[in-house]
Amino acid sequence: MIIAEHILQNAVKKGITQLYNLNNLPLSFQKTRKEFEGDFTLVTFAFTKETKKSPEQIGNDIGAYLIANEPQIVAFNVVKGFLNITLSDTFWLNYFNSIKSNATIGLKNPNSSGKTVMLEYSSPNTNKPLHLGHVRNNLVGYSVAQILKGAGHTVIKANIINDRGIHICKSMLAWQKWGNGETPESSGLKGDHLVGKYYVIFDKEYKKQIEELVNKGKTKEEAEKLAPLIIEAQQMLLKWEAGDKEVVDLWKKMNGWVYNGFAVTYKSLGVDFDKMYYESNTYLLGKELVQEGLQKNIFYKKENGSVAIDLTAEGLDEKIVLRSDGTSVYITQDIGTAIERFKEFPQLNQLIYTVGNEQDYHFKVLFKILEKLGYQWAKECYHLSYGMVELPEGKMKSREGTVVDADDLINEMFNTAQQTTEELGKVANFTEDELKELYRTISMGALKYFILKVDPKKKMLFDPKESIDFNGHTGPFIQYTYARIKSVIRKTDLNFDTQLQTVSFNQIEKELIKLIYDFEGTVEEAAKLYNPSIVANYAYELTKLYNRFYHEFNILKEEDETIKRFRLQLSFTCSQTLYNAMNLLGINVPERM
RNA sequence: GGUCCCAUAGCUCAACUGGAUAGAGCAACGGUUUUCUAAACCGUAGGUCCUUGGUUCGAGCCCAAGUGGGACUACCA
């Protein structure tokens with residue numbers, strides 16, 4: 001329990017009451033910056049108005065009070081409006097003793113918060129393989145789920161597969177026309193790639209037809225609607241909706257290929273789901289709710305028969321929720337599925353959608369509509385909006401082939417990991433299987449860390465010409481440090497039997513303990529903000545500091561037995577903290593590398 | 001046209017949500033290994049935090065205007 005802040009809060013509160021007879025001033029402590037002496041800092045500018053004293057005076061008053069009245073506080077200094085407070089070494093040692101052998105350091109007990117969250121992520125289309133943009137979605141979604149679990153929430157990971165619609169029919173039609181019965185087995189292609197190939201073929205042929213029509217004098221818009229291929233695809237969609245056996249069988253067959261392909265990619269990425277939804281089952285949901293909304297006058301019928309909602313008062317536009325022919329649009333089914341999920345899971349407190357920021361507007365509208373329909377939980381719906389992954393030349397576009405394919409990238413990373421490891425030549429006694437496992441761990445560590453270290457909200461750049469690094473601020477650096485600690489521990493007997501009573505630790509050791517102390521708050525903050533990058537950057541800070549420690553001080557060769565034991569325990573606790581932090585990111589750490 | 005997002009070192013990203021002298025990695029340059037894993041460590045160099053005004057004890061962060069970039073604004077999904 002964030003014990004240090006607790007002590008400071010209470011002591012300072014009492015002090016202010018006694019010194020100035022003031023109550024309920026908001027106190028906020030921050031970590032003291034490295035350049036200054038101290039552990040925590042109280043900013044005293046905030047109290048100048050109430051106390052009518054200078055910030056320096058206030059700092060000195062409170063500081064003196066703390067020294068006199070709180071035995072755990074041993075020193076203070078004042079710089080301008082900053083009161084820097086130092087806690088005793090005993091306090092930090094006690095803290096360390098209390099957590100050092102705790103495997104779940106920083107994490108709350110599973111399901112202890114009483115809050116249940118459904119987190120939807122991944123949500124692929126079944127007409128093409130996954131690319132780097134999807135990878136970011138999967139990694140962010142999975143990591144946020146891990147972090148929310150770490151914060152004690154119950155998390156249901158959900159995936160809604162976009163398995164129907166005109167885009168699926170495009171692949172199907174192209175395969176029918178030009179596929180010659182090709183299968184994943186006959187072609188040696190991964191199922192999702194095979195289907196994606198025909199999606200691209202469709203687009204190429206479709207563009208040809210458009211061009212021909214334009215040459216015959218049609219406008220581009222007319223040509224896009226008149227091209228025989230698109231008309232055929234639309235007919236196929238109608239047949240699918242009517243349950244036409246031939247179309248449905250083809251659809252099942254090709255979707256099956258895609259699912260097999262996705263399963264491989266998901267396994268590589270290390271992501272999984274508790275609940276699968278399929279749009280082919282849910283796309284009709286929401287229609288009857290439109291009737292309900294009409295009766296409540298939340299929606300209105302337009303002259304042409306379509307149904308809409310007016311959100312101009314909210315700063316949004318008018319939005320169609322049902323077409324004039326009575327069929328639904330995308331948001332209709334989103335309304336339906338949201339309601340369905342809260343019915344299916346009555347204990348649900350929150351619904352999180354991991355979807356790119358290009359859909360910010362869509363979700364604003366969706367949540368507003370749900371709110372207007374009177375659902376109390378509407379305000380607990382949250383769009384976990386992440387930025388696009390861009391290439392140096394701009395956004396990735398599937399149809400134009402300017403995408404970084406997920407499987408290709410994963411394979412490349414694997415090869416780089418293998419090559420780098422072989423060059424370093426430290427794995428002579430690994431078996432073949434152990435090596436493969438190690439390359440997987442390192443390559444995915446590099447890829448995942450690369451993506452998760454940046455704030456999900458921001459767009460990020462990926463340059464395929466520059467391979468993802470294995471040195472510096474990277475996943476492998478953290479993994480290496482973990483393995484390094486394990487290597488030291490393997491050489492001796494680590495035991496926590498006796499508590500350390502008195503150890504005078506050096507500056508870096510104290511900083512390490514303080515940093516370990518920060519982990520719990522870091523996890524809480526990351527959970528509050530749905531932001532894995534906070535955990536990623538924390539892990540890096542701890543790693544860097546540990547390496548400095550490792551370089552400057554001996555552990556096994558230390559002659560003073562007490563210090564040796566302390567350093568060993570401290571190293572272990574660092575490794576455990578790194579393990580937990582990386583686990584929140586979905587990154588494995590190797591025992592040796 | 002309207003709405004929203006973004007702009008920090010040559011490049012990729014931080015900055016604990018308004019606090020102290022804006023930090024890392026990569027790239028460049030120099031150094032460290034008979035010692036627990038050199039995927040490491042130490043050092044040098046690199047900044048008009050897009051611009052201009054405002055708010056305040058204090059602004060990279062808040063407000064206003066401008067510049068540049070992006071997304072959205074379908075009876076597509």
Side-chain angles (χ1 to χ4, degrees), chain A residues 28 30-36 41 43 45-46 48-49 54-55 79-82 84 125 162 164-168 279 283 302 304-308 315-317 319-331 333 356-362 364-365 385 387-388 390 394-395 417 420-421 423-424 426 442 446 450 453-455 457-463 466 469-481 483-492 518 521-522 525 529 533-534 537-538 540-541 543-544 547-548 550-558 567-568 571 592-593:
Chain A
S28 82
Q30 46 193 274
K31 285 169 65 184
T32 303
R33 295 185 64 127
K34 278 204 284 293
E35 313 88 85
F36 301 93
T41 296
V43 181
F45 286 112
T48 50
K49 277 199 184 117
S54 73
V79 183
K80 291 189 276 183
F82 301 93
N84 301 320
N125 292 338
N162 192 337
R164 66 160 289 280
I166 189 75
H167 53 296
I168 313 290
E279 286 196 3
Y283 78 105
K302 296 177 58 161
N304 60 14
S306 62
V307 180
L316 305 165
D317 290 321
K319 176 78 191 173
I320 298 279
V321 293
L322 208 59
R323 294 191 191 105
S324 49
D325 64 4
T327 56
S328 25
V329 291
Y330 198 74
I331 203 160
Q333 84 167 271
N357 64 9
E358 54 199 353
Q359 295 203 36
D360 284 356
Y361 181 79
H362 172 83
K364 258 190 214 168
V365 170
S385 165
M388 299 291 102
E390 291 181 5
K395 206 183 159 185
T420 309
T421 306
E423 278 166 15
L424 289 168
K426 296 192 221 173
I442 296 175
F450 174 80
K453 77 172 173 182
V454 341
D455 186 334
K457 286 195 289 294
K458 297 192 176 179
K459 67 172 184 218
M460 62 179 291
L461 192 109
F462 176 79
D463 188 347
E466 292 174 24
D469 240 301
F470 285 66
N471 298 322
H473 188 180
T474 67
F477 172 47
I478 298 167
Q479 291 173 320
Y480 167 75
T481 303
R484 202 183 209 190
I485 296 173
K486 287 293 165 168
S487 166
V488 172
I489 290 174
R490 229 176 280 127
K491 292 186 162 67
T492 184
D518 285 340
T522 301
E525 198 195 348
L529 299 175
S533 77
I534 295 172
N537 286 304
Y538 170 85
Y540 176 63
E541 290 300 321
T543 300
K544 239 182 8 172
N547 276 311
R548 236 177 73 208
Y550 182 91
H551 188 261
E552 275 183 47
F553 300 99
N554 289 319
I555 302 166
L556 298 178
K557 295 196 177 96
E558 171 58 44
R567 287 187 181 159
L568 205 53
S571 296
R592 297 184 294 159
M593 73 183 269

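All of these numbers come straight from a predicted model, not from anything done at the bench.
You'll find that the side chain of E390(A) is closest to G70(B), out of G70(B), A71(B), A20(B). Here the side chain of F45(A) is nearest to one of C57(B), A7(B), A20(B), namely C57(B). Closest to the Y550(A) side chain, of the nucleotides A20(B), A38(B), C72(B), is A38(B). Minimum atom distance to the side chain of Y361(A) is reached by C72(B), of the listed C57(B), C36(B), C72(B). Of the candidates A77(B), U12(B), C26(B), U12(B) carries the atom nearest the L461(A) side chain, counting heavy atoms from C-beta on. Taking every side-chain heavy atom of K395(A) into account, C72(B) is the closest of C72(B), A14(B), G23(B). Of the candidate nucleotides U37(B), C4(B), A39(B), A39(B) has the atom nearest to the side chain of L424(A). Among the nucleotides A40(B), C16(B), C72(B), the one closest to any side-chain atom of N471(A) is A40(B). The side chain of R33(A) lies closest to G23(B), out of G23(B), A38(B), C36(B). Of the candidates C76(B), A24(B), C36(B), the closest approach to any side-chain atom of N554(A) belongs to C36(B).
Listed here is the closest heavy atom pair of I331(A) and I320(A): CG2-O, 4.0 Å. Nearest heavy atoms, M593(A) versus P476(A): CE-O, 3.9 Å. In plain terms, the two heavy atoms of Y540(A) and H473(A) that are nearest each other are CG-CD2, 3.3 Å.
In this structure, R33(A) and F82(A) have side chains that are not in contact, with every pair of non-hydrogen atoms separated by 4.5 Å or more. Residues I534(A) and D455(A) form no side-chain contact, since every pair of their non-hydrogen atoms from C-beta on lies 4.5 Å or further apart.
Searching all strands for a Watson-Crick or G-U wobble partner of U67(B) with both distances below 3.5 Å returns A7(B). The partner of C57(B), taking Watson-Crick or G-U wobble pairs whose two distances both stay under 3.5 Å, is G19(B). In a base pair of the Watson-Crick type (N1 to N3 plus N6-O4 or O6-N4) or a G-U wobble (N1-O2 and O6-N3), with each distance short of 3.5 Å, C29(B) is matched with G43(B).
Taking atom P in both C26(B) and C62(B), the straight-line distance is 31 Å, to the nearest Å. Across the C1' atoms, A20(B) and U52(B) are found 27 Å apart, a figure rounded to whole Å. Taking atom P on both nucleotides, A77(B) is separated from U17(B) by 43 Å, rounded to a whole Å. The same atom, P, is picked in C61(B) and in U51(B); the two are 10 Å apart, to the nearest Å. With both ends at atom C1', the span from A27(B) to C13(B) equals 15 Å, rounded to whole Å. Taking the P atoms as reference points, G60(B) lies 15 Å from G54(B), given to the whole Å. Look at the P atom in both G46(B) and A22(B): the space between them is 14 Å, to the nearest Å. To the nearest whole angstrom, the two P atoms, one in U37(B) and one in A24(B), are 27 Å apart.
At the phosphate of A7(B), neither OP1 nor OP2 sits under 4.0 Å from any side-chain N or O atom of K459(A). For the pair R490(A) and U37(B), the criterion of a side-chain N or O lying under 4.0 Å from OP1 or OP2 is not met. The phosphate of C41(B) (OP1 or OP2) has no side-chain N or O of R548(A) nearer than 4.0 angstrom. Taking 4.0 angstrom as the limit, R567(A) places none of its side-chain polar atoms (N or O) nearer than this to OP1 or OP2 of C36(B). Regarding contacts with the backbone of A14(B), a side-chain N or O of K458(A) is found under 4.0 angstrom from either OP1 or OP2.
Using a 5.5 Å limit on the distance between ring centres and a 30° limit on the angle between planes, the aromatic ring of F82(A) counts as stacked on the six-membered base ring of A20(B).
In this structure, E552(A) places its CD atom 9 Å from C1' of C42(B), rounding to the nearest Å. Here C6(B) presents its C1' atom at 12 Å from CG of D360(A), a figure rounded to the nearest Å. Taking atom NZ of residue K319(A) and atom C1' of nucleotide A77(B), one finds them 11 Å apart after rounding to whole Å. For N357(A) and U73(B), the CG to C1' distance is 15 Å, given to the nearest whole Å. Going from atom NE2 of H551(A) over to atom C1' of G43(B) covers 12 Å, rounded to whole Å. Look at NZ on K31(A): it is 12 Å from P on U17(B), rounded to the nearest Å. Look at CD1 on I442(A): it is 11 Å from P on A39(B), rounded to the nearest Å. With rounding to whole Å, Q30(A) atom CD is found 18 Å from G58(B) atom P.
Counting non-hydrogen atoms under 4.0 angstrom, K426(A) reaches a base of the nucleic acid. Nucleic acid contact class of F462(A) (heavy atoms, under 4.0 Å, all strands): none. M388(A) comes within 4.0 angstrom of no nucleic acid atom, judged by non-hydrogen atoms across all strands. Within the 4.0 angstrom heavy-atom criterion, base atoms lie near L529(A). Among the protein residues, V43(A) comes within range of the nucleic acid bases, having at least one heavy atom under 4.0 Å from a base atom. Counting any heavy atom pair closer than 4.0 Å across all strands shown, F477(A) reaches sugar-phosphate atoms only and no base atom. Note on D518(A): nothing from the nucleic acid sits closer than 4.0 angstrom, heavy atoms only. Heavy atoms of A483(A) sit under 4.0 angstrom from at least one base atom. Here T421(A) lies in heavy-atom contact (under 4.0 Å) with a base.
For N547(A) against A39(B), no side-chain N or O and base N or O form a donor-acceptor pair under 3.5 Å. One can find a donor-acceptor pair under 3.5 Å joining the base of A20(B) and the side-chain atoms of T41(A).
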Verdict with supporting geometry, D518(A) and E541(A), side chain to side chain contact (heavy atoms under 4.5 Å, CB included): CA-CA 11 Å; D518(A) 285 340; E541(A) 290 300 321; over 6 Å; no

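Side chain of T492(A) to backbone of V488(A): no donor-acceptor contact under 3.5 angstrom is found. Although no hydrogens or angles enter the test, the distance criterion places no donor-acceptor pair under 3.5 Å between the side chain of S306(A) and the main chain of K302(A). Side chain of T421(A) to backbone of A417(A): a donor-acceptor contact under 3.5 angstrom is found.
Nearest-nucleotide positions on RNA chain B place S487(A) closer to the 5' end than the other of Q333(A) and S487(A). Between I485(A) and E279(A), the residue anchored closer to the 5' end of RNA chain B is I485(A), taking for each the nucleotide with the nearest heavy atom.
In this entry the base of U17(B) is syn relative to its sugar, with a glycosidic angle within 90° of 0.
Side-chain atoms of D360(A) and S385(A) form a donor-acceptor pair, as typed in the model, at a separation below 3.5 Å.
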